[in-house]
Structure formats: structure tokens, C-alpha cells
Amino acid sequence: MTVEVVFFNIPHLSVGRGGEVWESQVIEYLNKSGEFKAKLITTNCCRIQDVVTSFEYKVIPLKKYFGLHLFNYNDIKNDLEEADIVYYFNSFIGSQLPILKNIKNINKIIFGYHAKNDWNYIQRVYYKLLSYKIRNIGYHHVLTRFYYEILVKNGFNSVFVIPNFVDLSEFKRVEKDKNLIVAPGAVTKEKGINTLLNIAKVKKDLTIYITGNKPSMKLSNNLKYLGKLNREEYTKLLLKSSICILPTYGETFSITFLECLASGNLVLARDLPVLREISGNIESVDFATSDNEFIIKLENLMSILNDTYKFDILSSKSIERAKLFNKNIVLEKFRTKLLEIAKE
């Protein structure tokens, strides 16, 4: 029997962030197994360009009303109701409403928690109220044990943990540039750009390179914006660099953190429970809370760069940690879980 799975997300696939990368690779893996027929539906929200995929991909219009992200359920009615399993990315205020209104017509649903949904007061209130409605509906997929414990504490049933993953085949070791320090994606206040600005202000002899969407604020001369790199450019940068700085204020997992580890880098990150969980508290990763602590910890990591022997040991520890999140291992766990759900 072939299990039909529909993945439904609000952002267009061309957005290319963590969730979009995840869904593409998961769908491709499931379809190659021969046990699944998986496809993707998104709205036209945030569309950058058309995307060519190896799987069935459908785009529907998004309708915004008074801060709600809505859509016409009839546009996806047959897709969702004929599927054995619907995997819905639980984000964007209001997008849950058309689904919940018709939930009795959906065979099985998995709510996926890939985005941080408590950045502001409105989000916190909305998702708190939503939790009372959905905690006894379907299954709930989280990426870390930290979020698993939060959902269970709040009375959610059928919660399971399968982490994000990294494709280690993309990260082949190269000679490191000991002067290359990067802060991938740290281009907004939420991602910690103000911390980078303060580091750059104090460490004037240090250059930090950032990637992602163009920052809205003016950068100092020693904070260099490299633009939104394509995949090949991005992996080459991480592999060549020696230190990654991740001053983000919130994550559900952080694939960037994994990629920095897979590149054999030393990592300095904001002290978040999720990031500590991913790190396994290995010696090649350090954490900071205040800007001053970031500066002190960064100086400590930079001192290691002068000791090639010690750096190589720590670099290897980063890579070994990343191997625990190897793409094929994690995707096989996800495939097995979907088969279990399909049979229940």
C-alpha cells in the first residue's frame, strides 16, 4: 500500500529558509522509498521566483485579513481530504482556522513546529489559545526535547521528537582561514545583529562577515555583508571559516547551527536551551548571554586559532557532533514514524 502524504506550508518554496529546505528533502526521500506518494502545497506568500521540483507542487493564493493569514479551503479540499496523512506547518496566525473548521474530514494530521511563534504579545496570546484547541487533535512533531517537554507540560497528546538534519556530503573539509569569522543569517534584531554591531564597535581590528537578507540598519566598516548567497557559495564560506557566531534570540532548532558544526567550526551562540541541546555541550561550542560576554567568549575562541593542534581537535568534535544529525539517519526515522502513524 502506498501512503499518500500532503505537506502544507504557508511560505512559497522559493523562500528557501529552514522549513522550505526541510520539506523539499523530506518529500524527495519519502518518494524515493516507494512506500509514499508525497506532495507539497504552499500559498504564494513571500514568493521570490518560480521553483522546479522533482515532486508534485501546488501553489494557492493567500488572503490576508486584519492580520490573519487565510486561504480558500476549497483550493486544497480534495488534496487534504484524500490524503492518508496531512503534515501542516503550524505557523502564521489564522492559517489554522480553515483546517480546523474541516478537521473532521481529514484522515490524520501532523502539526509540525518548525518556526518560533512567540516573538511578540499577539503571537503568544494567539498560540496559547490555539493550543487548547489542537492539543488533543492529531500528532505533534517537534525538533527538540526542549519543545517536547513544553508541549507535554501544556497537555498535548501524541507528541514526538525527530530533529532537523544536515547533509554531510555538502561539507568536505578544506583548509581553514583562521581570520574568517562568519555570522550566517544574523541580519535582523531577532537574529542578533545588534550584538554583532556592539562586538564590531569594541573589536575594531576584527572583521565579521554576515549573510542573508540585506540588513535594514547601517553596518560598521568591520561588519561586512556578503549578500544572500546561493547554496554552493554558502557552504564554501562555512567550510573556509573558523568561527561561527550565532547571536539569535530564538530558535526551534537552527539548521545553521548544525551547518556550522558540520563545517568543523568553533561556534559561539546565544545561550538558548535549544542550542545547548543541539550542541551536546561539546567543547567546540561556547555560549553567551550579554554582548559583553559575547566579546569575552569570542576572544577566548580566537586564542584557540593560534594553537593548530587544539583547533583541529575541537574542529573534529564539531564534525562528530553533526554526524548524529546526518540527513539519511534522521530521514529514515521520520519515514518509519510516518509508517507507524499510517498504520494506527
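Using cut-offs of 30° and 60° for the angle between ring planes, the H141 and F334 rings count as tilted. Note: H114 and Y87 have perpendicular aromatic rings, judged against thresholds of 30 and 60 degrees for the angle between ring planes.
With hydrogens and angles left out, the side-chain atoms of N265 and K176 include a donor and acceptor closer than 3.5 Å. Checking R276 against N281 by side-chain atom types alone, a donor-acceptor pair falls below 3.5 Å. Between the side chains of Y73 and E81, at least one donor N or O lies within less than 3.5 Å of an accepting N or O. No side-chain donor from either of S290 and N292 sits under 3.5 Å from a side-chain acceptor of the other. For the residue pair S91 and N117, no side-chain donor N or O sits within less than 3.5 Å of a side-chain acceptor on the partner.
Between the side chain of E190 and the backbone N or O of Y249, no donor-acceptor pair lies under 3.5 Å. A donor-acceptor pair under 3.5 Å is absent between the side-chain atoms of E4 and the main chain of A38, judged by distance alone. Here the side chain of Q123 pairs a donor or acceptor atom with the backbone of W119 at under 3.5 angstrom. The closest donor-acceptor contact from the side chain of R135 to the backbone of N154 lies under 3.5 Å. With hydrogens and angles disregarded, a donor-acceptor distance shorter than 3.5 Å links the side chain of N107 to the backbone of A83. A donor-acceptor pair is defined here as one N or O able to donate and one able to accept, closer than 3.5 Å; such a pair exists between the side chain of E293 and the backbone of T289. Looking at S241, its side chain never comes within 3.5 Å of a backbone N or O of L180 through a donor-acceptor pair. Of the possible donor and acceptor atoms, one in the side chain of R124 sits under 3.5 Å from a partner among the backbone N and O of D118. Using a distance-only test at 3.5 Å, with no hydrogens or angles considered, a donor-acceptor pair links the side chain of N102 to the main chain of P98. A donor-acceptor pair is defined here as one N or O able to donate and one able to accept, closer than 3.5 Å; such a pair exists between the side chain of N44 and the backbone of L62.
A salt bridge is absent between E28 and K39: the closest approach of a Lys/Arg side-chain nitrogen to an acidic carboxylate oxygen does not fall below 4.0 angstrom. Between D286 and K297 there is a salt bridge, since at least one side-chain N of the basic residue sits less than 4.0 Å from a carboxylate O of the acidic one. Under 4.0 Å is where a charged nitrogen must lie from a carboxylate oxygen, and between K108 and E344 no such pair does. A salt bridge between D75 and K58 is absent, with no side-chain N of the basic residue lying under 4.0 Å from a carboxylate O of the acidic one. The residues K236 and E232 are annotated as salt-bridged, a charged nitrogen and a carboxylate oxygen being separated by less than 4.0 angstrom.
For the atom pair CD1 of I341 and CD1 of I85, the computed distance is 5.5 Å after rounding to the nearest 0.5 Å. Separating the CZ atom in R47 from the OG1 atom in T42 is a distance of 10.5 Å, to the nearest 0.5 Å. Put simply, CD1 on I109 and OH on Y88 are 8.0 Å apart, with the number rounded to the nearest 0.5 Å. The CG atom of D50 sits 8.0 Å away from the OG atom of S14 when rounded to the nearest 0.5 Å. A distance of 7.5 Å separates NZ in K204 from CG in N222, rounded to the nearest 0.5 Å. Between E233 atom CD and L226 atom CG the span is 9.5 Å, to the nearest 0.5 Å.
Between W22 and F253, the gap from one ring centroid to the other reaches at least 6.0 Å. A centroid separation of 6.0 Å or more is found between the aromatic rings of Y148 and F156.
The two atoms that bring V267 and C260 nearest to each other are CG2-CB, 3.9 Å, heavy atoms only. For the residue pair G94 and L70, the shortest heavy atom distance occurs at O-CD2, 3.2 Å. Between V174 and L239, the closest heavy-atom pair is CG2-O, 3.5 Å. The two residues E277 and R145 have their closest heavy-atom pair at OE2-N, 2.6 Å. Nearest heavy atom pair, residue R173 against residue S315, reads NH2-OG, 3.2 Å. Residues D291 and N194 approach most closely at OD2-O, 4.3 Å, considering heavy atoms.
Each of K317, R321, K310 was evaluated against E283; a single residue qualifies, K317, per the salt bridge (Lys or Arg N to Asp or Glu O under 4.0 Å) test.
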**OP:** Give the intermediate values and the outcome of side-chain contact (heavy atoms from CB on, under 4.5 Å) for residues N90 and Q96.
**Re:** CA-CA 7 Å; N90 187 23; Q96 303 82 5; 3.0 Å; yes

**OP:** Could you please spell out the steps behind the side-chain contact (heavy atoms from CB on, under 4.5 Å) verdict for F111 and I137?
**Re:** CA-CA 9 Å; F111 294 89; I137 297 175; 4.0 Å; yes

Original post:
Could you walk me through whether R231 and E170 pass the salt bridge (charged side-chain N to carboxylate O under 4.0 Å, His left out) check?
Top reply: CA-CA 9 Å; R231 189 63 186 172; E170 291 185 290; 3.0 Å; yes

Subject >> E251/K116 under salt bridge (charged side-chain N to carboxylate O under 4.0 Å, His left out): CA gap, chis, key distance, verdict >> reply: CA-CA 6 Å; E251 295 288 343; K116 182 175 167 61; over 6 Å; no

**OP:** Determine, step by step, whether I162 and V330 satisfy the side-chain contact (heavy atoms from CB on, under 4.5 Å) criterion, reporting the C-alpha distance in whole Å, the side-chain angles of both residues, the deciding distance to 0.1 Å, and the verdict.
**Re:** CA-CA 7 Å; I162 297 178; V330 175; 3.7 Å; yes

**OP:** In sequence, state the C-alpha distance, the side-chain angles, and the governing distance for F92 and F71, and then conclude on ring pair (Phe, Tyr, Trp, His ring centres under 6.0 Å).
**Re:** CA-CA 12 Å; F92 286 81; F71 53 88; over 10 Å; no

Original post:
Given the rule in the side-chain contact (heavy atoms from CB on, under 4.5 Å) test, do N326 and V166 qualify, once you have shown the distances and angles that lead to the verdict?
Top reply: CA-CA 5 Å; N326 186 12; V166 62; 5.9 Å; no

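Applying the 6.0 Å contact sphere to CG of L129 captures more than 12 heavy atoms from other residues, nucleotides or ligands. Summarising the local packing, CG of N230 is surrounded by more than 12 heavy atoms from other residues, nucleotides or ligands at distances under 6.0 Å.
Residues T211 and V182 are not in side-chain contact: their nearest non-hydrogen atoms beyond the backbone lie 4.5 Å or more apart. Between I41 and Y57 there is no side-chain heavy-atom pair separated by less than 4.5 Å. Side-chain contact check for E340 versus Y139: every heavy-atom pair is 4.5 Å or farther apart. Between I329 and F165 there is no side-chain heavy-atom pair separated by less than 4.5 Å. Using a 4.5 Å heavy-atom threshold, the side chains of F160 and H140 count as separate.
The cationic group of R270 does not satisfy the cation-pi geometry with F287, failing either the under 6.0 Å distance to the six-membered ring centre or the 45° limit from the ring axis. Geometrically, K214 does not engage Y225 in a cation-pi contact defined by less than 6.0 Å to the ring centre and at most 45° from the axis.
Y29 and L13 end up in the same hydrophobic cluster when Ile, Leu, Val, Met, Phe, Trp and Tyr side chains are linked at under 4.5 Å.
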